[in-house]
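I have placed the structure first, in the form of structure tokens, so that the comments after it can refer back to it.
Just so you know, these numbers use all the heavy atoms, side chains as well, and skip hydrogens, waters and symmetry mates. Chain identifiers are assigned alphabetically (A, B, ...) following the order of the sequence lines, protein sequences preceding nucleic acid strands; residue numbering begins at 1 within each chain.
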Amino acid sequence: MSPLSSPAIIVPETLADALASLAELGADGTPLAGGTWIMRAPLRDEPMAHAYVALGRIAELRRIKISAKRVEIGASATHAMLAAALERCDDLAALRNAAAQSANPAIRHAATVGGNLCARRFPAPDLATALLGLDASVEVADAAGSERLTMEAFLAARGALGPGRIVTKVIVERTGHRSAHSRLPLRKAGDYPVAIVSVAVRLDDADRIVEARIAVGSVEGVPRRWTALEEALAGQPIAAVDVAAIARPRADRFTGRDGVEAPGWYRVHVLPVLVGRAFAALTSAAT
Amino acid sequence: MSEVAERAVQNLRRRDARDKLMGRTRYTIDRGDRGMLHAALLRSDIASGKIRRLDVSRAAAMPGVRAIATAADAPGRAGLGIADHPLFATDIVRYCGEPIAAVAADTEAQAKAALAAIAVEIEPLPAVLGMAHALAEDAPLVHPDWPSYELLHAGGKRGGNVAWEASVDRGDVDAVFARDDVTIVETDFEVCRQNHVSFEPRATVAHFEDGRFHIESSTQVPWTVRNTTATVLGIPPSAVRVTVPPVGGGFGLKFDCALEPFAAILARKSGRPVRLVNSRREEMETCLFRENAQIRIRSAIAPDGTIAGREAVVLMDCGAYGGEQVFLTTMTAHTLGGNYKLGAARIVSRAVYTNTAPNGAFRACNGVYNTFALERHTDEIAARIGTAPDAFRRLNVIGDGDLGATGQVFEGEVLRPMMAKMETLRAQTPVAPLSDGRLHGRATTVGTWFVFTGPSAATVNMNADGSATLVTSGVEIGSGSTQQALPQIVAAILGLSPEQVTVRAADTDAAGYDVGVGGGRTTVSLGAASRTAALDVRTKLLKVASDMLEAASEDLVLADGRIEIAGAKGSGLSIAEVASHAQLHLGPIAGTGAFAAANTPAMAGCCAGHFIEALDIPVFAVHDCDIAVDPDTGHVEVLAYRVVQDVGKALNPRAIHGQVQGGVVQGLGYALHEEADVGPTGQIRQNSFETYRVPLAGDVVPVAIELHEGAPSIGPLGTKGAGEVPILNVGATIACAVANATGKAVHALPLTPPKVLALLLDSAPPPRFAHIKDRHIDNRLPPDF
Amino acid sequence: MTIRLTLNGEEREFAAPPMTPLIDVLRDDCHLTGAKPVCREGFCGACMVLVDGIPTVSCLTPIALVEGGKVETVEGLTSADTPPPVQAALEAHDAVQCGMCFPGMVVSLTHLTQPGECDASRAAIKAGLTGHVCRCTGYERIVDAALAVMEGRQ
């Protein structure tokens, strides 16, 4: 199973070195984080890159900074690190649960936030979906500098960051939303969810929905927001609203992807149930 | 003998557990050798085609390449029933994944690089990917030359894409169905393939030394490997020695010759040991799956609730080559035709060729889906005539003296008392009512399985130190039978502790013929041969002891490593003293034993094309479960699972419990999670652990188990095979419970969440097979005469 | 590329292409065949080893990423002939069948049964075993054994 031609790995200690290496390699270089996606390239009949630049030793990329206003997550933070760091951030329960429930314990210790965002052909990313619901922004850097993208803009360009560019961190503003993450694996756990709904909701003083952000993952090839449902929920009292009922006629906004594990219709059909569960988790967490 | 039986009973631990737990056990994939080469196979990536060009010259010149093999190196064809299977695709490619050439090189990477350098051109031909197509009148033939193939077993009908047809005709079924007082119930069922996912892939290391082959292999059937390798290479079987290291799981996957001949040819050509191991993807795509099948059952129920007549058509997809499926057509009569008394019966079971990876044997082969179909059909009958399912079963199950489908007379009242035990077990293990909106379902089903008897041989060597060595061709595939039951039997007869019985690993140069480990036969067939061999040793020991002690043999007792004069403890000698005396003065003591099928008769003239017309040792099972169905997502959760299993005599109850738990969980996979099917290009779609979902720890429950002892058995000490049957009615029980929970007719497995949700939404039409004809006779090949 | 690491307590150096999966180095270069390459996609757990104390799927770990690290395989968990508590409990519960999954299972259970890692409940242990497949045993005896180790510890 060893790859026929052996790619090189560069293991820089600083971000500047990593960006310099990537700049030098250009199209021949690919960033490598936990490896759990890239190491399976042969199984997907994908070629390995000529050279990898490993990001795991770069301390600043593994840092998770939590303040009252925002959380900044280094791209090389693993799922396990993220879940542990967010233990007390109940407003970010969606992200915490996404990190704590995806894949399996060993993979969560290896797989990183940046990897989850950048794995090109991976259609069921829990973190990307949760971060979309939380309206996070993504910092992308190259040797020349860095820029911030909204999650939506980032996902639209996913896989086309361009040579020499990497995700360095993800920033989640803490804006008083509550959040919840609802995923549907086919077994109890351990497989990729066939559908993901991650929600973030801000309420007014009367517990009416001021803003609902609802991100849907795994149903289509790339996570995206369920804006028709978001609009319909604005102004509704959260305690009384039957979210699933409102969601049902709006599920046809999605075109489910047919996969080996589940047909497209199924992914779409369960969306109202999942969004209902996510909202139930929101309200139960609040009481 | 009952005293010996009681002495044999104990929860003996496995002697191989500790090394397995410490990572020290060396399976075939862990073995290496100095100078060993690594082999790889070039496999077809199309399902059907004509090989126009095959040129290995460039590959042969690649770095590290030591040997290349193609069809020219393997002239023979092998098979079970029909010799239809060449080692390499020869002119014609019949399935995606079929081997075309093999390369041995210094490293695996070099071997793979060489594969890429082989020039092969295949002209695509129309592919038959499903049974409906295969049975269509204008279907292309997967084997246009089928009439020319050597027939290895007489009696089966075949023709066109029907590789083999086995049938049962007992009584006047037409007359029964024409009666105006019967209720007719008819159902179609469909199941997909199941992958064994044995953790150790098929793997082999071949050596060619002193003009003979020595093959180390991860197999359940060393003698089949020996004989098939010889057949395809065109050499005498005696030129092949097969030894078997510990096997990392089999479940039937390794019940056939697999990679061994490729490695053997390459070892001969290169003069070096050659290792060949399937990648996981190769394993997934060319698994000898449990076959996909399509079933129609029709029953005529008399006003008194008995089954006046039953007819059935079972289509088994054998893939591109007949293999084990040809044999397995025989099982339909006993599984789908089992469980219940039938007034008249007419059953046809056909193995159908398609351009897909060949299917094979898998734990309770054929029985698992036929039991699913039969038990769901039974529930539909009960519903139609307004009887409780359990009451219908109690009335109709096979009892003492009843006739089976093939007219065999069953002995003993077994299923009814087992059903009564299940009622008790159920009452002892209640589940809490659901209060979360999910739908509760429950079911009890019955099942009929058997022990695949067949020939076995054993030798017991009595050593001068008082230990014994048991030599058989039995393979340890994980079930523990060779580690537990066999030494327990030998020890009980010789008055030793099982730890004093060394068990020789399988070696065809050391032990006599054996059919192989599978079919629940290890404890029975190898156990019977071992018992006879041990009795032979015992007789010889007693004779020597009788001379030494000047006492009559019949007054001597063997126990606790000693031979005593009955009633006078301490008067005798240790077995070691007797054995060493014998060794010095008469030569070492050894005993031999043999076993063969009893060939229990069926009713004359009612079977055609069967390899087994009646069951030497029937095995019965009663399963029961409670489940919860999520109406929103279609997820099925097992709340409780219960098994009452007919074991004859339980020699190692704890080991049997382990087999039941494991078998039930594999059945839960089949019922709820595991899906394998053929994509539009003929490739198996589920080629990884990501896409093929087996149950994980969170998906299972501890099974409540009761072992039913005392049913008649010709097995040694009254035993029956216990490791194979636990999977038998899991699909059936879960399906009946899902139907019970949802009120929907369940006609297909597996019941994955999307499938269950489709049932609940009435969006999946029940299977209805146009290629199964309304008139039963139209589903049969014409008579030969 | 030369890789240095501490393997089962011993300082070792290997020359291997840097993207070589750790499991291949362990099996082919170090002849530590306990860890099994079964799925090579992180779903089965048979190749689990401890890297700096954390259960890690060695099939998806490039050897270059464990440079300077501490790797323990199932072989390294047993220093003498006496099996440690996890292995002893699995043996006592007659949990083993074909045995191929157990080297990985033992590694994860060794970690999971450490104080504070996992609640002593069936549900928590099963959640901790997500990512481990056993095709033979139906899992429950493995859970029994883990519980016994955790309860014996208290």
Which bit of [X] comes within less than 4.5 Å of chain C, counting heavy atoms only: side chain, backbone, both or neither?
| X | result |
| --- | --- |
| B:Phe689 | both |
| B:Leu668 | neither |
| B:Arg281 | neither |
| B:Arg24 | side chain |
| B:Ser688 | both |
| B:Glu476 | neither |
| B:Val247 | backbone |
| B:His657 | both |
| B:Ile477 | backbone |

Quiz item: Would you say B:Arg13 and C:Glu91 make side-chain contact, with heavy atoms under 4.5 Å?
Solution: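 Contact flag for B:Arg13/C:Glu91 side chains = yes.
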Exercise. Check whether any side-chain heavy atom of C:Arg135 sits under 4.5 Å from a side-chain heavy atom of B:Gln666, and report yes or no.
Key: yes
Quiz item: For the side chain of B:Lys20 and the backbone of C:Cys98, is there at least one donor-acceptor N/O pair under 3.5 Å apart?
Solution: yes
Practice problem: Report the C-alpha separation of C:Cys136 and B:Phe251 in whole Å, then their side-chain angles, then the decisive distance to 0.1 Å, and conclude whether the side chain to side chain contact (heavy atoms under 4.5 Å, CB included) test is met. | Solution: CA-CA 9 Å; C:Cys136 297; B:Phe251 316 114; 3.6 Å; yes
Quiz item: Do NZ/NE/NH1/NH2 and the carboxylate oxygens of B:Asp699 and C:Lys126 come within less than 4.0 Å?
Solution: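 Between C:Lys126 and B:Asp699 there is no salt bridge, as every charged N stays at least 4.0 Å from the carboxylate O atoms.
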Exercise. Under 4.5 Å heavy-atom distance to chain B, tell me which part of C:Val106 shows up: side chain, backbone, both or neither.
Key: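 It is the side chain, since no backbone atom gets that close.
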Practice problem: Kindly indicate, with the supporting measurements, whether the criterion side chain to side chain contact (heavy atoms under 4.5 Å, CB included) is fulfilled by B:Asp30 and C:Arg27. | Solution: CA-CA 8 Å; B:Asp30 299 326; C:Arg27 290 176 57 86; 2.8 Å; yes
